[in-house]
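Down below is the structure, laid out as structure tokens.
As the structure lists them, so they are numbered: ligands from 1, and atoms in each ligand from 1.
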Amino acid sequence: MTSNLTYEHKFVRGTEKTTLLLLHGTGGDVDSMLSLGRMISRGSSLLSPRGKVLENGMPRFFRRFGEGVFDIEDLKNRSGELADFVEKASETYDFDVNAVIAVGYSNGANIGASIILLQLFRFAGAILFRPMVPLIPNELSNLDKMVVFISAGAFDQIVPRGEPERLARLLGDAGAEVTLSWENSTHALTQSELEKAANWLLQNLGS
Ligand code: MLT
């Protein structure tokens with residue numbers, strides 16, 4: 001861990017100016033999202049932190065009281081801490097802080113959405129696999145021109161069916177350009193949605 005960076009992480013330098021912030025799901029680690037990141041973008045740098053909360057030994061990015069019941073205070077604090085980590089990492093590794101794309105799965109997608117809704121960091125875009133609405137911000141966010149790709153599973157056993165739509169609406173009402181894409185899948189990711197995410201990224205952010 002580089003000394004002023006408070007998350008255990010991996011950084012892989014790419015050939016393009018974009019950086020993917022890779023946010024793993026519950027039980028993930030710094031390595032879990034690296035190949036997914038490379039599949040989505042061949043040239044972006046990859047920044048992959050490990051969540052600091054342990055739930056039965058499994059890393060997460062924030063605490064929860066039960067499935068889908070989040071500790072909102074903890075979520076807010078950790079969203080701020082993670083946003084701060086990304087800022088500092090951009091200085092340490094000298095990547096463009098205006099060209100960071102959040103790529104999260106499940107718990108990682110939820111903290112990514114929380115950072116966006118609380119406007120703690122301005123991502124160039126976000127790819128959220130299997131997200132829920134993590135919290136409702138006190139103030140309406142201003143997300144003008146932010147592009148967001150949400151990939152939801154029609155048979156997801158963890159994320160209730162209405163949640164991806166609610167999140168898409170919340171982000172869209174705040175000005176983001178949201179693409180909501182449904183897979184015939186459970187909570188598990190499919191090859192086809194990774195390809196869709198890669199195409200979306202290329203079309204929307206040229207990476
Ligand atoms: C969460 O806790 O963020 C969601 O329930 C997804 C997950 O199981 O990690």
Side-chain angles (χ1 to χ4, degrees), residues 6-10 20-37 40 47-86 101-121 123 125-137 141 148-171 176 178 180-190 193-194 197:
T6 59
Y7 276 79
E8 199 65 49
H9 66 278
K10 278 201 177 160
L20 305 189
L21 172 66
L22 301 174
L23 301 168
H24 63 73
T26 302
D29 207 331
V30 291
D31 294 310
S32 340
M33 299 278 287
L34 291 177
S35 56
L36 179 152
I40 291 179
L47 176 64
S48 183
R50 178 166 69 210
K52 290 184 186 182
V53 170
L54 287 182
E55 185 184 275
N56 303 321
M58 295 186 294
R60 288 175 51 82
F61 285 98
F62 59 89
R63 289 183 50 207
R64 64 178 167 181
F65 300 117
E67 189 66 74
V69 187
F70 301 151
D71 179 337
I72 299 295
E73 261 332 286
D74 188 65
L75 172 57
K76 285 183 180 164
N77 291 337
R78 304 225 181 239
S79 298
E81 197 182 12
L82 186 58
D84 190 51
F85 162 77
V86 180
I101 298 149
V103 179
Y105 168 58
S106 190
N107 180 245
N110 290 340
I111 196 159
S114 167
I115 291 173
I116 293 169
L117 290 167
L118 296 172
Q119 301 191 91
L120 296 168
F121 183 87
F123 294 112
I127 296 176
L128 305 174
F129 294 106
R130 307 293 184 277
M132 305 177 183
V133 174
L135 49 71
I136 305 283
S141 326
V148 181
F149 181 83
I150 295 177
S151 192
F155 310 109
D156 197 321
Q157 58 290 46
I158 292 175
V159 178
R161 175 118 196 162
E163 286 291 296
E165 268 150 23
R166 265 182 78 216
L167 180 62
R169 221 174 302 126
L170 200 54
L171 295 169
V178 185
L180 173 57
S181 170
W182 286 93
E183 283 300 294
N184 277 331
S185 171
T186 60
H187 202 61
L189 295 182
T190 66
E193 68 192 302
L194 299 186

(message) One pair to check against side-chain contact (heavy atoms from CB on, under 4.5 Å): E193 and R130. What are the steps and the verdict?
(response) CA-CA 11 Å; E193 68 192 302; R130 307 293 184 277; 2.7 Å; yes
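- In this structure, ligand 1 sits under 4.0 Å from heavy atoms belonging to T26, R60, F62, R64, E67, G68, F70, S106, N107, N110, M132.
- In this structure, D74 contributes its side chain and F62 its backbone to no donor-acceptor pair below 3.5 Å.
- Each salt bridge (Lys or Arg N to Asp or Glu O under 4.0 Å) pair with one or both residues in residues 101-115, not counting sequence neighbours, would appear here, but there are none.
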(request) Go through the steps to decide whether H24 and D29 satisfy the test side-chain contact (heavy atoms from CB on, under 4.5 Å), and finish with yes or no. (result) CA-CA 7 Å; H24 63 73; D29 207 331; 5.7 Å; no
(request) Apply side-chain contact (heavy atoms from CB on, under 4.5 Å) to F61 and E81, showing your working. (result) CA-CA 10 Å; F61 285 98; E81 197 182 12; over 6 Å; no
(request) Check step by step if side-chain contact (heavy atoms from CB on, under 4.5 Å) holds for R64 and N107. (result) CA-CA 10 Å; R64 64 178 167 181; N107 180 245; over 6 Å; no
